[in-house]
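Below: one structure, written as structure tokens.
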Amino acid sequence: MQKGDHLVLVDGSAYIFRAYHALPPLTRKSDGLPVGAVSGFCNMLWKLVEESRDTSVGVAPTHFAVIFDHSSTTFRNELYDQYKANREAPPEDLVPQFSLIREAVRAFDLPCIEKEGFEADDLIATYTRHALEAGGDVTIVSSDKDLMQLVGPCVILYDQMKDKRLGPEEVKEKFGVYPDKMIELQALVGDTSDNVPGVPGIGPKTAAQLLEEYGDLETLLARAPEIKQTKRRENLIAFAEQARLSRQLVTLDCATPLDTPLDDLFIHEPDGEKLIAFLKAMEFTTLTRRVAARLDTNAAEVETADITVEGPVRGPDRDPAPPAEPHGHGEALLPFTPAGLVESRKAAAAATFDRSAYVTIRDAATLQAWMSEAREAGVMAFDTETSSLSAMNCDLVGVSFATRAGRAAYLPLGHVSPAGAADLLSEGTVEDEIGPQLPLDDALAILKPPLEDASILKIGQNFKYDYLVLLQHGIAVEPFDDTMLISYALDASASLDGHGMDELSERFLGHKPVSYKELCGSGKSAKAIAACPIDKVTEYAAEDADVTLRLWHVLKPRLVAEGLASVYERLERPLVPVLARMEQRGIKTDRQILSRLSGRFAQKQAGLESEIAEMAGEAFNPGSPKQLGEILFGKLSLPGGKKTKSGQWSTDARVLEELAAEGHELPRRIVDWRQLSKLKGTYTDTLPAHMDDEGRIHTSYAMASTTTGRLSSSEPNLQNIPVRTEEGRAIRTAFVAPKGKKLVSADYSQIELRILAHIADIPQLKEAFREGLDIHAMTASEMFGLPVEGMDPMVRRRAKAINFGIIYGISAFGLANQLSIPREEAGLYIKRYFERFPGIRDYMDATKAFAKEHGYVETLFGRRAHYPDIRGPNPSVRAFNERAAINAPIQGTAADIIRRAMIRMEPALAAAGLSAKMLLQVHDELIFEVEEDEVEASLPVIKQVMEGAALPRVELTVPIEVDAKAADNWEEAH
DNA sequence: CGCTCCTAACC
DNA sequence: AGGTTAGGAGCGA
């Protein structure tokens, strides 16, 4: 435990009795087993776990335990045989529930702590002391006044049922003394229920008053003769010893020997299946459903646990962690907490970086030894060094490993002599010059087993890259974690400046690693990494693995603590192999079509260029906004000149279109020229350069580049291939299926508007989607009171713009801009819209309020988008953040849904015996390559997976529809 | 050569 | 008006 950590201790025994007494008796239907207290206990614990993840309530816990009384006799009985002597035996129907409740805690995967001879309160006191010494905060979940003595600046008492939190001030208010005097107060007052005698005639009010006056118990007893009130004086003198005994009895033992050290209370992701199996066995249908939905698990598929009436009584220690399991396509959230995590976490935070300690691996035996170390540790950070940045087209230069903080090595595999050509000229071999390197094939043969070993967790940074590199060598690395994706799940803010390793290292470790530039240089003088000195590369590469491992130690625990484990485990990590395979496959492209289009575009452009020069009266570069602005608004003095931020004439398409509408021919030509220039320069000329030997283009998907959870595509970007204009669309005909296959395009219809209708709960929108109506025409009809039949296309267009505007966090300024209408008119439209759909305004207000309170918003699947500046002082920055915050849950939920579909797609197709291959994702569209004779069978599977992708976690109240079509090329399939 | 600006392609 | 990537021009070192 370290500073900033947060320990939650649940007073389990108190919970049991409260649950038992607060609820009517309940028995298990199938056999009459009494389970009322178990049910109440489980409900309370579940709520607590849920609440504690809501960071708005307080700091999310990093450590968590449920503490029980072990038996009725404790060390206090030796002090005083009457202690708790008049306690009645627990009710008969509660007795069998004690062991069930311990089972329940185990099912929640929480440590269940108790100790012979000690009360729960003593254990709570001891853990609290340990936590405080480590610099942590503590929340004790209980309302027992015996625990108030523990309250302090970093310790609060939380009464879950009354939802009350007690700090020092609240204790003072309640008892008239601060927590540090609680023991003395209890010693005076006594406790009838526990048989703590106290001093007769002294109640809480008097006790508080006396302590206020005399300071502490001993002073009070010593000066008792001074007290005026006869009876009070006599009692204090007569019962002084009894008061001292009482003080001993109520003083909690904060030095209880602990069987489970504090650090072992470290929280980890629960095993959803285990919990659901238990709840099903108890026949708690409501809670089972609730838990299953939250954990995104289908309860029907979980086998009911075998819980007998005489369930095993839990010992004081928790069970050993379940065996580590690989996380393939499985649906359950399996914990992966290798042994020794806690130790390594501490080491990661403490150790400093020593580059000279890194090892260069030059032979098989040393490599084998490192892999043994990894096997023992159960964890290995791992990084590949390659000859280029493109995973699909690079050679492996080396691999680095780290097995614990500070212990890292580099394995050179493809290094060449730094001098390059000198190899050929010099007498000696490369080996003489740079030392021996293990042959690549030998190294891969040694590496393959541990990299695919289910009991070794491989940790990478931007792991899709390394995964893809090794996939080219026939190695599918599993299981793995990715520090970049963990960081992204925790906080995807754009303001963070990315999730690259160097940034993360500086942000979370306060360490600046050797940069690639420092190693290889930059610009013209940049060297290939393979030509850099191996000792320097060892420092660089091994450090990367070391940093990655340490980042993992710091970041991974935060996932669970902040309630983001399911985002990472459901939406991020499983997508890595899926995207890697998509990138590896690539999409077949017809070079000839692109080249013909380039020719056609060039010809048209040339024609336009001469016309443009003639109209302008001089030759200039139409691609230069600066020159163009000077011609249009300077030389020709056309009206409507606007300036950009930096004072240049604005010449964007909007400005030029407006001029063209007024009859000016030159701007029209420029618009056309620009379009051709874009299509040619960005697409038809450039795409062929990305084709491989088989004529396929492999894009690269960035998983952590957007603030909302969308993917992005680059090198080349295949998510912005033209579609709007006919000429642009022609480019899509170049994306083709090979002979004997078809391309299938499947896209979600209006998914963001559907999500809006669901989230904001808009009856008319939901109804329209259920009826399959034209949503924009319906909107126009609602707003302007016109029938949908025979709707003016221009009116519909406005309604459509407003619908999109709503998704984007509408402003009168933006809508006016979009529709080229006065701002006042746009304002009226918005007003009208809100009148017709008041739920939208409610949603927007609620989202803004949430974002202001928490600093982030959430998708339906729990992904967060952070907007800290929404609280900032700059009104326009604030407004921008408000709009983004309104958009993010909608755009982000859509992104989550298609991610879920992609993750499920391959197993679903395989299960149906189909060989369809997913190639591309374009935000709401998936593109597949399908054997011609499998098209018919594949379409319904693809549709089903996409349409059902939100389930079971989220049940949308609008239908989700997917249109899917097969054709020979992308243009026709779309 | 590397950066910013402007523009435009997509959902 | 929300979320992206990319290319060319222009400028300064």
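Chain letters run A, B, ... following the sequence lines, proteins first and then strands; every chain starts at 1. All values derive from a computational prediction rather than experimental measurement.
- Among the protein residues, Q675(A) comes within range of the sugar-phosphate backbone only, with heavy atoms under 4.0 Å from sugar or phosphate atoms but none that close to a base.
- No engagement by E752(A) is indicated, since no non-hydrogen atom pair under 4.0 Å with the nucleic acid exists.
- Rounded to an integer number of Å, the gap from Q818(A) CD to dA1(C) P is 10 Å.
- Going from atom CG of L756(A) over to atom C1' of dG2(C) covers 13 Å, rounded to whole Å.
- Here Y808(A) packs flat against the base of dG2(C); its ring centre is closer than 5.5 angstrom to the base's six-membered ring, tilted by less than 30 degrees.
- Distance from the side chain of F813(A) is smallest to dA1(C) among dT5(C), dG3(C), dA1(C).
- Regarding contacts with the backbone of dT5(C), every side-chain N or O of N720(A) stays at 4.0 angstrom or more from both OP1 and OP2.
- No hydrogens or angles considered: nothing links the side chains of E782(A) and T779(A) as a donor-acceptor pair under 3.5 Å.
- Atom CZ in F804(A) sits about 12 Å away from atom C1' in dA1(C), given to the nearest Å.
- Across the protein-nucleic acid pair, K678(A) atom NZ and dG8(C) atom P stand 9 Å apart, rounded to whole Å.
- Picking from dT5(C), dA1(C), dC11(C) the nucleotide with the shortest atom distance to the side chain of L815(A) gives dA1(C).
- Remark: the T644(A) side chain and the S650(A) side chain contain no N/O donor-acceptor pair separated by less than 3.5 Å.
- Ion pair R668(A)/E611(A) not flagged as a salt bridge, since none of the NZ, NE, NH1 or NH2 atoms sits closer than 4.0 Å to an Asp/Glu carboxylate oxygen.
- Note: CD1 (I759(A)) to P (dG2(C)) measures 18 Å, nearest angstrom.
- Nearest to the side-chain atoms of T707(A) among the listed nucleotides dA9(C), dG3(C), dA1(C) stands dG3(C).
- Using a 4.0 Å heavy-atom criterion, one finds that A801(A) contacts the bases of the nucleic acid, with or without backbone contacts as well.
- The CZ-P distance, from R863(A) to dG3(C), rounds to 15 Å in whole Å.
- Across the protein-nucleic acid pair, K680(A) atom NZ and dA6(C) atom C1' stand 16 Å apart, rounded to whole Å.
- With distances taken from any side-chain atom of R883(A) to the nucleotides dT4(C), dA1(C), dG7(C), the minimum falls on dA1(C).
- For dG10(C), the OP1/OP2 oxygens have a side-chain nitrogen or oxygen of S624(A) closer than 4.0 Å.
- In this structure, I810(A) reaches the bases: a heavy-atom distance under 4.0 Å links it to at least one base atom across the strands shown.
- Using a 30° and 60° split on the angle between ring planes, Y856(A) and H866(A) fall in the tilted class, from 30° to 60°.
- A donor-acceptor pair shorter than 3.5 Å cannot be found between the side chains of T708(A) and R863(A).
- R585(A) CZ: more than 12 foreign heavy atoms inside a 6.0 Å radius.
- If you check the side chains of Q719(A) and Q921(A), you find a donor sitting under 3.5 Å from an acceptor.
- Contacts of G623(A) with the nucleic acid, taken as non-hydrogen atoms under 4.0 Å apart, involve only primed sugar atoms and P, OP1 or OP2.
- Bounding nucleotides for the chain A contact on DNA chain B, 5' to 3', at a heavy-atom distance below 4.0 Å, are dC1(B) to dC11(B).
- Taking 4.0 angstrom as the limit, R710(A) places none of its side-chain polar atoms (N or O) nearer than this to OP1 or OP2 of dT4(C).
- The phosphate of dG10(C) has OP1 or OP2 within less than 4.0 Å of a side-chain N or O from Q627(A).
- Distance CD (Q605(A)) to C1' (dG8(C)): 12 Å, rounded to an integer number of Å.
- A cation-pi geometry, defined here as NZ or CZ lying under 6.0 Å from the six-membered ring centre and within 45° of its normal, does not hold between K626(A) and W649(A).
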